J.: 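Dropping the structure in here first, questions after.
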Amino acid sequence: MFGSKKRTLLQSLWSAEILPPEGVTGAPVGIMFFQAQRAFGDFFEAGRILGGDDRHFIAGAYTIEDYRLTGDMTVTHYAGDPEPTWGQAQDVEFAVSATLDANVDRDVFMIVATPRIDAAQPMRLRLTRRIKLE
């Protein structure tokens, strides 16, 4: 069964914003949802990452081991002008990572998204819980 804190943390709808290096005000880039699909106690969980905005959709997968989230996501441009922060390609692949706190159910947490192909710097995404799903 899911560890209650981790389940509550991930089973939510999150708004996402890319933070500039200063980290004060970010650029909104849509929503993200972590859909848990597999769990083994408190130490391993896996699932899908889904989301998007009015110009892009996000699809990927994640795992959690020892409270460390790792995964991959692809941001696909489908309408209008592409958001420059995601890059100009039709599909941009990212490695994602975050450290989760086993004892705290947060309404905000950070993930790092590192582009897989070009030499761009990793970007920090601030996720803010908008709807808690049980």
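What you see is a predicted model; the values in this text were computed from it and never measured. Here, residue 1 is the first one in the sequence, and each next residue gets the next number.
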J.: Rest of the hydrophobic cluster containing Phe57 (Ile/Leu/Val/Met/Phe/Trp/Tyr, side-chain heavy atoms under 4.5 Å)?
T.: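 Direct or chained contacts put Phe57 with Tyr78.
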J.: Working to the nearest 0.5 Å, report the span between OG1 of Thr114 and CE of Met123.
T.: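 Reported value, rounded in 0.5 Å steps: 9.0 Å.
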J.: Under 3.5 Å, is there a donor-acceptor pair between the side chain of Gln90 and the main chain of His77?
T.: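 A pair under 3.5 Å: yes.
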J.: Applying salt bridge (Lys or Arg N to Asp or Glu O under 4.0 Å), name anything that partners Asp91, two or more places apart in sequence or on another chain.
T.: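 For Asp91 there are no salt bridge (Lys or Arg N to Asp or Glu O under 4.0 Å) partners, ignoring immediate neighbours.
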J.: Residues in side chain to side chain contact (heavy atoms under 4.5 Å, CB included) with Ile58, at least two apart?
T.: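 In terms of side chain to side chain contact (heavy atoms under 4.5 Å, CB included), with neighbours along the sequence ignored, Ile58 is linked to Met32, Ile49, Met73, Val75, Trp86.
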J.: What is the distance from atom CG of Leu13 to atom CG of Leu127, rounded to the nearest 0.5 Å?
T.: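 Result: 10.5 Å between the selected atoms.
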J.: Keeping Arg55 on the side-chain end and Asp81 on the backbone end, is there a donor-acceptor pair under 3.5 Å?
T.: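 Side chain of Arg55 to backbone of Asp81, a donor-acceptor pair under 3.5 Å: yes, one is there.
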J.: Considering residues at least two apart in sequence or located in another chain, which fulfil the side chain to side chain donor-acceptor pair (under 3.5 Å) criterion with Thr99?
T.: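 In terms of side chain to side chain donor-acceptor pair (under 3.5 Å), with neighbours along the sequence ignored, Thr99 is linked to Arg68.
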J.: Write down the atom of Pro115, the atom of Pro122, and the distance for their closest heavy-atom approach.
T.: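 That closest heavy-atom pairing would be CD-CA, 4.3 Å.
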J.: If you look at every heavy atom in Phe33 and Ser12, which pair is closest and at what distance?
T.: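 So the two residues come closest at CD1-O, 3.3 Å.
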J.: Closest approach of Leu69 and Phe34, non-hydrogen atoms and distance?
T.: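 In terms of heavy atoms, the two residues are closest at CD1-CE2, 4.1 Å.
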J.: Quick one: closest heavy-atom pair of Ala36 and Tyr62, and the distance?
T.: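 Looking at all heavy atoms of both residues, the closest pair is CA-OH, 3.4 Å.
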J.: Holding to side chain to side chain contact (heavy atoms under 4.5 Å, CB included), I want the full list of residues that pass it with Ala95, two or more places apart in sequence or in another chain.
T.: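 Per chain and number, Ala95 pairs via side chain to side chain contact (heavy atoms under 4.5 Å, CB included) with Asp72, Arg116.
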J.: Measure the shortest side-chain to side-chain distance between Thr63 and Thr70 over non-hydrogen atoms and say whether it is less than 4.5 angstrom.
T.: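 Yes, side chains in contact.
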J.: Going from CH2 on Trp14 to CG on Asp107, what distance comes out if it is rounded to the nearest 0.5 angstrom?
T.: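 Trp14 CH2 to Asp107 CG: 6.5 Å, rounded to 0.5 Å.
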J.: Between Ile31 and Ile131, is there shared hydrophobic-cluster membership here, with clusters defined by ILVMFWY side-chain heavy atoms closer than 4.5 Å?
T.: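 Yes, it is one cluster - the side chains of Ile31 and Ile131 are joined through contacts under 4.5 Å.
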J.: What's the shortest heavy-atom distance between Gly30 and Asp53, and which atoms?
T.: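 Looking at all heavy atoms of both residues, the closest pair is CA-CB, 3.9 Å.
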